[in-house]
Amino acid sequence: MGPRDNGFKVVLLGEGRVGKTSILLRYVKGEFSDRQVSTLQASYLDRRLAVQDQSIQLSIWDTAGQERFHALGPIYYRDADGALLVYDITDYSSFNKVTKWVRELRQIVGAEICITIAGNKIDLEKHRAVPEDEALDYARSVNATHVYTSAKQNKGLDHAFLDLADRMCKRRQAQRPPSNPSRKHLLLVDEPAAPPKPKQNNCC
Amino acid sequence: MRWAHASESECLAEVSRRSRVTSAWRASFRRGIPFAEPAAGCWIQCFQNRLTGFADWAELRQRFDGSYFVVLHAQQGVDVALRRFSMTEVMDLGELLDRYEEVRVNNNPNERTSKWADATTLACGNELERRARRPVQPGETVMCGGVECVLERGGDYEDAPWVAKIGAETLSLGEFLDKYPTVNDDDDDDDDPAADIALERRLLRPPPKRAPFDDAFSVDRQRGLERAAQDLFVPVIARSRRERTALDLEASAAARAADKDDIEEDDELWGAARKAAAGALRCYFTGIAFRRPADVLYDALIAERSYKHWIPDPNPVVAVAAYVSRSALADASTAPGAVLAVVNDHFFRPDAVGRACAAARVVLDSLLRYHPALGSRREATIAALEAVDAALFGDDDAGSSTKWIMDDSDRAARELRYQAVLDSLRDRVEDLPDRAALLEKSRSSGGEKRPSLAALDKLPLARTARGKLRALVATLEALAAELGETGVASDDLMPALCDTLLQANLQHPAAEIAFAKRFCRDEKLLLGADGYALTSFEIALAALRETCDQEDDLFVVAQDLPERARAVSEETPVSLHSRQQQLASHVWPRRSITRP
């Protein structure tokens with residue numbers, strides 16, 4: 001088994017003030033409320049999940065929302081398996097940013113990254129600025145899942161992460177035949193299929 | 001160590017004397033090779049004062065100006081079995097005499113048995129110059145035995161061996177030297193009499209004498225030079241690279257402060273100069289202090305010897321001070337140089353006598369700020385002042401366009417300028433404890449240091465990638481704990497991390513990160529908290545680099561700063577990284593000084 005066989009890296013992207021940190025904090029609390037929480041866990045979170053009868057480990061990386069750090073996004077995305085793009089449904093510009101990041105992710109990481117677009121602050125439905133149809137259509141067009149979340153009311157978070165984990169698992173299984181996951185690293189060229197047996201009468 | 005300071009004729013006489021003494025003792029071993037007077041091209045056997053090992057050999061050579069030097073081939077250590085001369089060194093005859101008690105001239109060069117064709121290119125070139133009694137340039141025509149001969153390089157590349165072309169015949173330089181024993185260009189007399197007079201003068205000139213030295217220099221020349229230079233020209237408070245970096249940061253802070261100062265609006269030019277000085281502060285601490293101090297001092301002393309038209313006080317302090325000031329002012333990439341450039345372009349108008357003093361003050365200010373040691377001795381300060389004078393008012397051959405300004409009111413202006421120096425000195429003295437206190441504070445505040453900084457200090461100490469990653473995670477966690485108890489979002493963490501990185505003043509932050517990244521072999525780690533910490537640091541570093549470049553624009557007062565200063569400041573942005581790159585790639589401007 002390779003080191004990353006059940007570990008997944010998820011980056012959390014979103015403009016400042018859309019609530020991605022709240023999402024992470026809420027997610028942390030929901031799980032670990034009675035345990036010591038590392039101070040770092042508001043920006044970096046390890047979480048074990050049971051998906052498809054196996055235990056997987058999710059590393060969720062929060063990213064800084066400021067523009068000057070986001071210009072350095074590719075360093076964040078490196079080797080990411082999934083991305084949770086958060087926008088604020090009451091702020092259309094934050095949705096525009098999401099489209100930008102999707103483009104960038106697809107360009108840099110490639111088509112294999114699983115993307116979930118999360119419309120946050122669904123509790124402020126009456127101030128909605130991003131039309132639902134547009135958001136859903138867009139998510140479908142880029143082959144991403146769209147979910148609604150509310151960090152304030154703890155709605156949709158578990159679902160969002162579970163769904164993302166599920167898709168990442170499926171994607172990885174599709175990429176690697178489960179029978180011999182590390183086969184491609186052991187491809188031998190110009191060698192007999194079965195290596196000769198080592199000598200056995202070799203003892204003194 | 002006295003032979004190093006003796007005159008050349010004395011040294012030659014001493015070689016001859018020692019050869020006679022030595023030969024009597026060594027003759028039995030050397031099968032009675034007859035004594036020969038030292039002459040250019042001869043080999044000198046140099047005996048170590050011990051029984052093991054072989055003698056070292058030195059070749060006596062002569063420069064075209066008639067002075068002598070030796071090329072010493074020495075054995076390093078006692079390596080009898082290999083019998084190999086592993087060290088070649090060029091030195092003066094006096095130094096050779098100081099080093100070896102017993103020397104013996106071994107052969108007479110006039111009875112040279114080996115052919116020049118077998119000699120090295122360097123030896124042939126030397127011999128050619130010795131015969132021609134002048135430096136020979138490639139492509140030159142010389143007369144040898146009434147035949148015209150063109151000397152040129154045998155290939156397009158640098159250091160290609162020379163060839164001599166005589167008619168259709170092409171000879172290597174060694175063959176040429178063997179074939180034609182004399183090289184003379186007497187026939188060229190009519191072509192350039194002035195050059196010939198110059199040559200004659202050069203030949204008539206007595207061999208250069210060494211400058212008198214202080215007691216400090218006569219003990220151990222090399223070490224003494226170094227020590228004296230360190231005392232003089234490395235700023236007292238900035239000995240290590242880290243401290244210099246701190247000084248750099250401080251300089252940029254000063255630039256910021258200077259930018260905010262109220263500038264006397266009524267005097268437009270004065271204001272412009274102040275701004276120029278503030279802008280030039282960002283041109284770094286790339287003073288002479290960054291060069292090897294011994295180099296500087298050595299160059300200065302050589303310059304003192306070889307520039308006959310510039311004979312300052314024989315006191316080396318003055319010589320070096322003048323040299324340092326001149327080179328700082330001549331190089332526009334240093335702060336004083338940039339200020340001078342601005343001031344020279346904009347200050348001199350017919351009514352500018354009064355302002356000239358202000359200009360001198362600005363230039364001096366920046367000179368003393370960047371070379372505080374210049375203010376530490378009276379002679380050095382006066383030399384610095386003279387250099388500024390010369391640079392501003394064209395006392396020397398460089399810029400004579402503004403000389404006329406000082407003609408009528410020379411004395412008053414001079415007084416004013418001296419006053420300016422005294423003011424600067426006073427400022428400097430007042431300034432100094434603050435700076436020292438600042439550095440001291442940053443250094444000694446280990447006890448009450450923020451935990452994140454303390455954790456980050458362990459980063460360079462960790463010897464493995466795992467250790468470095470641990471230090472990074474510890475720093476991040478400490479930082480998060482400092483910021484809040486419940487946990488901190490990345491939005492707040494990253495700016496704080498940038499701040500901490502700046503304060504920690506790591507020597508090679510990028511290298512530390514690259515090391516951890518490159519040598520971490522466990523992929524799982526990079527997926528977890530360690531990877532997150534690593535990425536955060538990477539991003540913080542990259543962001544800092546970009547920010548530094550952007551903030552650079554903040555200090556440029558576009559409409560006021562003259563074009564030239566702006567060009568200089570754009571060439572030299574304030575970021576640490578570009579500064580290091582710049583220092584690495586910068587070729588220091590040198591005077592055309594030939595070392596002996």
Side-chain angles (χ1 to χ4, degrees), chain A residues 1-29 32-33 36-47 56-81 151, chain B residues 451-452 455 469-470 472-499 501 510 513-514 517 520-551:
Chain A
M1 297 272 280
R4 293 191 59 171
D5 270 353
N6 50 14
F8 294 92
K9 171 176 167 183
V10 176
V11 287
L12 205 53
L13 291 168
E15 212 187 9
R17 279 195 279 282
V18 296
K20 60 182 165 24
T21 308
S22 308
I23 286 181
L24 202 57
L25 274 172
R26 174 60 86 171
Y27 198 51
V28 174
K29 274 190 183 158
F32 297 110
S33 55
Q36 172 81 37
V37 177
S38 157
T39 46
L40 201 53
Q41 278 191 338
S43 44
Y44 166 80
L45 175 64
D46 257 335
R47 183 141 188 192
I56 63 157
Q57 182 153 15
L58 225 52
S59 310
I60 306 170
W61 294 27
D62 189 15
T63 61
Q66 290 94 331
E67 188 57 43
R68 65 170 175 166
F69 295 119
H70 259 147
L72 307 157
I75 308 180
Y76 273 131
Y77 319 147
R78 198 171 42 202
D79 295 333
D81 299 290
Chain B
S452 55
L469 284 177
R470 248 182 251 133
L472 292 181
V473 174
T475 309
L476 265 197
E477 283 186 339
L479 194 61
E482 278 168 30
L483 290 174
E485 287 183 1
T486 53
V488 187
S490 204
D491 284 359
D492 304 324
L493 195 63
M494 288 308 295
L497 181 59
C498 292
D499 193 40
L501 260 178
I513 304 295
K517 197 166 142 194
C520 178
R521 296 190 186 145
D522 193 347
E523 223 182 296
K524 225 173 197 168
L525 284 179
L526 290 187
L527 195 62
D530 303 75
Y532 183 71
L534 186 67
T535 307
S536 300
F537 272 90
E538 243 178 293
I539 286 178
L541 268 184
L544 276 180
R545 212 170 300 164
E546 284 191 356
T547 313
C548 286
D549 292 348
Q550 284 167 8
E551 270 178 13

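Quick note on labels: first sequence line is chain A, next is B, and so on, each numbered from 1.
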Atom pair OG1 (B:T535) and NZ (A:K9), whose distance is rounded to the nearest 0.5 Å: 5.0 Å
Part of B:L479 lying under 4.5 Å from any heavy atom of chain A: neither
Side chain A:Y44, main chain B:Y532, donor-acceptor under 3.5 Å: no
Side chain to side chain donor-acceptor pair (under 3.5 Å) partners for B:S452, two or more places apart: B:R450, B:E482
Nearest heavy atoms of B:L527 and A:F8, plus distance in Å: CD2-N, 4.0 Å
Under the side-chain contact (heavy atoms from CB on, under 4.5 Å) test, residues paired with B:I513 that sit two or more places apart: B:L472, B:L534, B:F537, B:E538, B:L541
